[in-house]
Amino acid sequence: MEPPAKYLYYPGCSLKATGVAYEESLLTTLRLLEIPVEELSDWNCCGATAYMSVSEASATLLALRNLALAHQAGTKDVLAPCSACYLTLRKSHELATHYPEAAKDVERFLEQAGLPRPDSVRVRHPLEVLYTDVGIQRLRELTVRRLQGVRMASYYGCQAVRPYGEVDDPHEPVRMDEVLRAVGVETVDYPLKTKCCGGSLTGTIHEVGLRLNYILLKEAQRKGAQAIVTICPLCQFNLDAYQREIRKQTGEPIDMPVLYLTQVIGWALGGGFRELGLHRAISGRKLIEQWFTVKKEAETYV
Amino acid sequence: MERQIRYQREANLEWARQFTKQPGGERLLSCIQCGTCSGACPLSIYMDLTPRQVIALVREGFREDALRSKTIWLCASCYACAVECPQKISITDIMYRLKREAIRSNLYPKRFPIPVLAREFCEMVRRRGRNSEFWVVFRMALRSNPFVLFSMARTGWDLWRTGRLSLRKERIRRINDLQFIPAASKEVD
Amino acid sequence: MSERNGEVRIGVYICHCGVNIAATVDVRAVAEYAATLPGVVVARDYKYMCSDPGQEMIQQDIRDHQLNRVVVAACSPSLHERTFRNAVERAGLNPFFFQMVNIREHDSWVHSDREAATEKAKDLVRAAVMRVYFHKPLERRRVPVNPDVLVVGGGIAGIHAALTVANSGKRVYLVEREPTIGGHMAQFDKTFPTLDCAACILTPKMSAVKEHPNITLWTYSEVVSVDGSVGDYRVVVKRKPRYVREDLCVGCLQCIEACVFKEAKFDDEFNLGLSKRKPIYIPFPQATPKVVVIDPEACIQLRTGKCKKACLEACAERGAIDFEQKETYEEIHVGSIIIATGFQTFDPRRMPQYGYGKYPNVYTTLEVERLVNASGPTGGQVVTRDGRVPESVGIILCVGSRDERTNRWCSRVCCMTSLKLAHLIKEHTGAEVFIFYIDMRAAGKGYEEFYQRVLNEGVHFVRGRVAEITDWAMDPSEEGKLIARVEDTNTGFVRRIPLDMVVLAVGLEPQFDALNVQRLFGIGCSMDGFFLERHPKLAPSPTYTDGIFIAGVCQGPKDIPDSVMQAGYAAAEAIALADTGFFELEPNTAYIIAEECSGCKTCIPLCPYQAITFNEEKKKAFVNEVLCKGCGTCVAACPSGSIKQNLFEDEEIFSEIEGVLAYA
């Protein structure tokens, strides 16, 4: 499959707020890879899991408006970095295609809003872009900095690989590890790769959410990882923002950087500390500063 | 002592039949009650009923028992059950369907923060086209348990100082497009 | 109306089949309609045409009304065509002056609109009436049956079938792909529910095969081509080189001792890689024939030609080792074939959530059979790969069975196998044993009693399908263990159970090359890939190809007693066929009007049964009616239209088509 000429970037709400570092690092990485990307004009919220809990029909239309806008803009590939956005957009597309009842609603809505049918639009995730469109070989060639001696656990969370399994295998995903290894990062065997971070539960049933994140952090530590690498803003937020509370509750000295894949890759490709949003981390700041500082004489250029 | 018995007249078989015709419910009748869903679920350990039990209730037409359970609200939509189910039942979609019906029929646990968040979220998105994380969480807390705001303060500060907390209320330009979406609020209220 | 047929007098009979047909089709109306058709003298409907009174009615009408054609509209011809042809014949009419119409499978069972279904029945009956008008009297031909029988597959089913046929005095060729017969049963330790030692009951039958004067045993051999048809199959068997002469080797095993590999370092297939063997080896001590075999992938001499050939020296006296051996081909003629090619176990790597291949202490049931076996890789010690005696063992049922994502069927043997292994593991180690099951299926003589016995031994029965096996510990009690996360559906709790050893009860599935075997022998497959029997209840061993029978798990999952029973049944069918001495062929064969044949040879390569030959002298093609299956390919292909087919003559087919299209 030929990589597309251009991607339309669908940020979703998180990448404009708590996940702003994801946006910064993603755009920097794509720039360094010389991949043209443009933000989808006047995008709206995908509806996430919450809207689907209230109305299936409305949630589907809400999500599809974005795909219709993308179709109108003449781009086939919509890049949705947030796993929840990725899944919601992908799912609504499927619902509208496979269920005649839903398809009727969609048709009516699009007509009223004066939007085209988004039939040919594909929803893509940044990991797919790095792994499939760019490819391991090219990443290896373009690497200018190696994070040597740093062991990381790749963490997918749930909705990027489930239920569709297109971004990676739902049981034993390996692509993130391969991408990380391509730029010289050592990865550990992390059995909780696709276990849920609790999503919005940290905000609603706080204790339960904390416990899930504690387990994820603890196991990463046990497997010898010094950092966790994520591809979803909610995973990153949950794992990063609550470490202080987890420390307090469990008494365990956990202070682990939780990075975006695009921050690590962007750095390897030569991106700068602030343009990758690395200054926005809450936990593990000391390690982050130590790893991502341009070393004068010891700089390990490849 | 409360009697623990279900009479067959309480079973809503027509409802169960309808359920199997909706998107996601098609394979419900294939369930062999193996419990793989519950075993795979990261949150089943907090649920009042296991996902398998919810499936059994739906299939047998015990509508209220299914709709009143906390289980459906604890589902984080991680799809682990759906991927593991040997009968390929979309359990996540079944949970969504139950959540929606619980809200519509006013059978969800009151003051339980999860449905409250869902409603606040939808309200904001319907009106503005986008969700502003801060304001959704703020309003949910006000409506369920305001004291929780104190415990969130520290996290809020962390986000503020790293430039990750946006107080802006986002809004899309062509907000009129959304008026053609059947108002979810009708189903909410 | 054709002169040739004289006065045609047709009787039409519409069957109710109880309510099977009558509930959807107005049978009375169909009969009344049929009575109006040209040539029809009498038309009736009756509750069960296949019953004695039903058949009697037809015969009476033939006599009373001088009928010379009969049409019955009832069920599928595959069920009762023969019944009615015989009835017609008993009344003195040629049996091929008969035509059957299927208004059940093709009509009442697949429609719900009574009016439309009735109209369809009328159309079908009209077509048959117009067709039967042109029928001609035909004679069935008999072909002689060669009494020799080929048995393919040397597991318990093949062994039993071969011995049964051989005991009746027939010659049997038993062909086995592996170097020894015995199949999967030879790998088992004990057998449920009696706990008989598998080897103790199997090896006498293996020796009996070897010693039987009527059995020709070819191991390390495969069938490569099958020609001919019932009564006379011509089969070519490839005998792979084992680089050891079977006629000279006495199984002293000194060559293995002498091999330049001092250490065994190649995976031992019989022990599923749990132990090692040398390049020259014997699969297991009771292997039959007791002849060593050389693995050409491992042997230095065969790979490079540069070995000092210590084995050759050790066998100098007998000279059984022969590095120059080449594969040979044997051609045999047999009258019937019994296929008993068995199964393979499900590869649990297809379910990564159980960690097989990732965690060393996750095993399959077959591997544990070898572990508990006294002659197995650990000498009967049940120990983990790191040498510990397990304190807790979990057996997971339905791995690769009852699963839409892998195999949908129940593999039938895993429940009992797991009960047996639970008992044996407990006996060997005293470990706490957990059986994770969805439904416990113990239907068989003495099986439920065995389940009770294992329950009373204190094995834990957790009703739930394990979601995943991991090695991540929640607390120190789980450290170093494999953890099964499962909903115990009996209590409703989600449980985490730490285990030292996990046993996956892997399901049974068709052999990887079952499709090739199916094509080679021209038999069918059901949806799941197992070979298809002629009838699921009444003919579970014959296939749709006459003279070919199936037995054992290649037909569908079953345990040893059921395999043996089916093998005996297949043998009885083969013996009956051989003892009858002939087989009656359907007369629907093709024939060539010699005067019209232009000798273009178009038909010859098209015939799938090699039934057409060319007479060079006369420059004409000729159809061997014994080989012809009546497929009609040549009839359609002949450019000069000189090939005809009995029962499918042009006028018969065209008037049938006219009949079905002409609306009433």
Side-chain angles (χ1 to χ4, degrees), chain B residues 4 6 20 24-60 62 65-66 68-72 74-95, chain C residues 346 348 350-355 394 396-411 414-415 434-441 461-470 472 474-475 482-497 499 502 504-507:
Chain B
Q4 290 294 325
R6 290 290 176 280
T20 61
E26 300 95 336
R27 291 196 50 82
L28 185 77
L29 298 180
S30 307
C31 176
I32 52 173
Q33 287 286 303
C34 67
T36 306
C37 44
S38 322
C41 178
L43 291 149
S44 54
I45 50 177
Y46 298 102
M47 292 171 173
D48 49 354
L49 297 168
T50 65
R52 171 190 60 84
Q53 288 169 327
V54 171
I55 301 282
L57 287 170
V58 172
R59 203 160 59 164
E60 287 303 303
F62 294 112
D65 297 83
R68 283 188 194 283
S69 78
K70 291 203 177 69
T71 298
I72 57 179
L74 275 161
C75 170
S77 313
C78 81
Y79 291 87
C81 49
V83 166
E84 302 299 341
C85 174
Q87 294 303 321
K88 292 189 173 168
I89 302 170
S90 334
I91 299 152
T92 316
D93 291 326
I94 290 175
M95 295 295 168
Chain C
F346 172 79
R350 287 170 64 193
M351 296 179 72
Q353 63 267 44
Y354 291 154
I396 302 177
L397 282 176
C398 302
V399 177
S401 304
R402 307 183 67 192
D403 186 341
E404 288 284 325
R405 292 168 201 284
T406 54
N407 298 329
R408 297 176 62 184
W409 57 89
C410 163
S411 293
C414 330
C415 282
F434 296 83
I435 290 186
F436 301 101
Y437 68 102
I438 306 174
D439 296 294
M440 187 51 67
R441 296 179 173 175
F461 285 79
V462 178
R463 190 191 171 281
R465 184 172 171 277
V466 173
E468 60 177 5
I469 297 292
T470 56
W472 62 277
M474 290 283 287
D475 64 50
L482 293 168
I483 313 297
R485 195 174 197 269
V486 61
E487 179 187 8
D488 179 343
T489 62
N490 291 324
T491 62
F493 292 128
V494 173
R495 294 173 64 176
R496 287 175 61 88
I497 300 178
L499 302 163
V502 172
L504 306 179
V506 285

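All values derive from a computational prediction rather than experimental measurement. Just so it is clear: chains get the letters A, B, ... in the order the sequence lines come, proteins before strands, and each one is counted from 1. Scope of the values below: all heavy atoms of this structure, side chains included, with no hydrogens, waters or symmetry mates.
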Less than 4.5 Å to any heavy atom of chain C: does that hold for the side chain of B/Q53, its backbone, both, or neither?
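Answer is side chain: those atoms of B/Q53 sit under 4.5 Å from chain C.
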Segment of B/C41 engaging chain C (4.5 angstrom heavy-atom cut-off)
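Only the backbone of B/C41 comes within 4.5 Å of chain C.
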4.5 Å side-chain heavy-atom contact, [X] and [Y]:
| X | Y | answer |
| --- | --- | --- |
| C/R465 | B/C37 | no |
| B/R52 | C/T489 | yes |
| C/R496 | B/I45 | no |

Is C/Q353 in contact with chain B via its backbone, its side chain, both, or neither, using a 4.5 Å heavy-atom distance?
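Just its side chain gets close to chain B.
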Charged N to carboxylate O below 4.0 Å: is that the case for B/R27 and C/E404?
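Salt bridge present between B/R27 and C/E404.
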Minimum heavy-atom distance between [X] and [Y], given as atom pair plus value:
| X | Y | value |
| --- | --- | --- |
| C/V494 | B/S44 | CG2-OG, 3.3 Å |
| B/G39 | C/A467 | C-CB, 3.2 Å |
| C/E487 | B/G35 | OE1-CA, 3.5 Å |

Using 0.5 Å steps for rounding, measure from the [atom1] atom of [X] to the [atom2] atom of [Y].
| X | Y | atom1 | atom2 | result |
| --- | --- | --- | --- | --- |
| B/S38 | C/R495 | OG | CZ | 14.0 Å |
| C/R463 | B/C34 | CZ | SG | 7.5 Å |
| B/I32 | C/C398 | CD1 | SG | 6.5 Å |
| C/I438 | B/Q33 | CD1 | CD | 11.0 Å |

Side chain C/R405, main chain B/C85, donor-acceptor under 3.5 Å
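Yes.
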Please say whether more than 12 non-hydrogen atoms of neighbouring residues, nucleotides or ligands are located less than 6.0 Å from CZ in B/F62.
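Correct, the count exceeds 12.
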